[in-house]
Amino acid sequence: MNIKICGTGSALPEKVITNKDLEKMVDTEDSWIVDRTGISQRHVASDEENVASLGTLAAKRALEMSNMTIADIDMILVATCSDDDRLPNCACMIQKGLGGTTVPAFDINSACTGFLTALTITDAYFNSGMYKRILVVGTETLSRIVDYTDRGTCILFGDGAGAAVLEAVESDTRMVSSLFANGEKGDALTCTAAGKVLMDGQGVYKFATRCVPQVINDVLSKAALTTDDIDLFVLHQANKRIIDSIARTLKSDINKFPMNIANVGNMSSASIPVLLDEINRKKLIKKGDKIVLSGFGAGLTYGACIITWE
Ligand code: UT7
């Protein structure tokens with residue numbers, strides 16, 4: 001069974017914090033942030049918005065594009081690491097927002113690898129024959145856990161949600177994936193229940209530029225493909241320099257790496273589905289395209305997969 005992405009959707013809060021705004025909050029400069037990260041602005045949730053409301057909106061848009069309703073969906077998977085509430089989980093809150101269904105709904109927390117993790121879970125359910133249609137949402141309000149006095153982290157993160165309606169289809173190809181976690185390095189990026197994000201920026205940077213090319217090469221070799229066979233690399237949007245470095249290491253054309261980080265910053269598990277929705281709506285993907293998706297972040301977790309667009 002292959003995964004068909006029937007529809008995508010996203011939702012970004014209206015409120016924006018620009019680099020100039022951050023200059024008034026911490027000792028930083030617009031030019032430093034742009035040069036070192038590629039980020040110019042990030043969206044920030046209002047008091048009325050949360051992971052569930054943004055996720056519900058993104059899910060509605062993905063269902064609409066799929067010409068489906070929630071009644072067509074067998075399961076709801078939500079990737080998030082910034083839910084305000086411990087209970088109920090965000091997936092059940094999104095289910096409530098969509099209404100009219102009692103299908104299983106649960107959250108996944110593997111930070112910026114969350115959407116990738118949800119895709120591999122979907123692949124396993126599809127190939128076990130258990131479910132045929134799964135709604136996957138990545139949603140974050142990182143602004144609630146970011147320390148706006150720490151210039152090393154507050155410049156990076158933003159809020160938003162992305163969603164995809166996935167369907168199991170008979171096909172000659174199957175998604176190929178690899179997921180890893182290195183808990184021993186977990187101290188590099190943490191956030192306690194009552195605290196804010198703490199990050200060893202250099203440490204995470206080095207981990208990403210080393211491990212992401214490795215895991216992408218791993219899935220390429222599993223699929224007996226080379227980078228030349230890949231049409232698009234949809235990577236977690238953590239830092240433009242990280243993506244540039246990965247493209248160089250893979251000796252691949254940077255034009256195959258779409259980016260939206262300038263406008264939205266790093267949205268953890270929402271980064272990949274929001275970017276996917278953006279390029280899908282711009283019609284930059286065509287049937288038969290081979291797309292690498294790759295996420296990396298707290299855990300430390302990382303992973304990649306190759307999907308063939310149905
Ligand atoms: O989602 C996955 C998780 N996160 C990531 O992937 C993030 C990975 N790391 C990064 O993206 C980068 O490490 C950062 C963007 C966080 C930092 O960039 P860097 O090039 O690694 O800077 P640095 O930490 O090595 O700091 C270089 C200098 C330091 O000053 P000195 O010691 O050289 O005088 C910092 O204090 O830049 C200073 N600095 C800043 N200056 C202006 C650090 N943050 C800022 C800032 N504005 N916001």
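In each ligand, atom 1 is the first atom listed, and ligand 1 is the first ligand listed.
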Output the list of atoms in ligand 1 that are nearer than 4.0 Å to some heavy atom of [X], sorted by atom number.
X      : result
Asn266 : 1 (O), 2 (C)
Gly152 : 16 (C)
Ile155 : 48 (N)
Cys112 : 1 (O), 2 (C)
Leu189 : 3 (C)
Thr37  : 15 (C)

Answer yes if the side chains of Thr141 and Ser143 hold a donor-acceptor pair under 3.5 Å, and no otherwise. no
Please check if any side-chain donor atom of Thr113 sits under 3.5 Å from a side-chain acceptor atom of Thr301, or the reverse. yes
What protein heavy atom sits nearest [atom], and how far away is it?
atom                    : value
atom 4 (N) of ligand 1  : Met199 SD, 3.4 Å
atom 38 (C) of ligand 1 : Arg151 NH2, 3.6 Å
atom 39 (N) of ligand 1 : Trp32 CZ2, 3.4 Å
atom 5 (C) of ligand 1  : Val204 CG1, 3.6 Å
atom 20 (O) of ligand 1 : Arg36 NH2, 2.8 Å
atom 10 (C) of ligand 1 : Asn239 ND2, 3.6 Å
atom 6 (O) of ligand 1  : Ala238 CB, 3.4 Å

Any idea which part of Ile242 is under 4.0 Å from ligand 1, heavy-atom wise: side chain, backbone, both or neither? side chain
Relative to ligand 1, is Val26 under 4.0 angstrom through side chain, backbone, both or neither, heavy atoms considered? neither
Do the side chains of Arg174 and Asp123 get close enough for a salt bridge, i.e. N-O under 4.0 angstrom? yes
What I want to find out is whether Arg42 reaches Asp159 closely enough, with some N-O distance under 4.0 Å, to be called a salt bridge. no
Are Lys60 and Leu98 close enough, and set up right, to give a side chain to side chain contact (heavy atoms under 4.5 Å, CB included), and what steps lead you there? CA-CA 7 Å; Lys60 281 182 179 165; Leu98 296 169; 3.6 Å; yes
Of the non-hydrogen atoms in Ala105 and Ala91, which two are nearest, and what is the gap between them? C-CB, 3.6 Å
Nearest heavy-atom neighbours spanning Arg144 and Glu49: NH2-O, 2.8 Å
For ligand 1, which is the ligand I care about here, please tell me if [X] has any N or O atom under 3.5 Å from one of the ligand's N or O atoms.
X      : value
Gln202 : yes
His236 : yes
Gly201 : yes

More than 12 non-hydrogen atoms from neighbouring residues, nucleotides or ligands closer than 6.0 Å to NZ on Lys15, yes or no? no
Verify side chain to side chain contact (heavy atoms under 4.5 Å, CB included) between Ser294 and Phe233, making sure each step is shown before the conclusion. CA-CA 8 Å; Ser294 180; Phe233 294 82; over 6 Å; no
Looking only at non-hydrogen atoms, the one of Ile39, Val212, Thr28 nearest atom 46 (C) of ligand 1 is Thr28
I'd like to know if Tyr148 and Val264 are part of one continuous hydrophobic network [Ile/Leu/Val/Met/Phe/Trp/Tyr, side-chain heavy atoms within less than 4.5 Å]. no
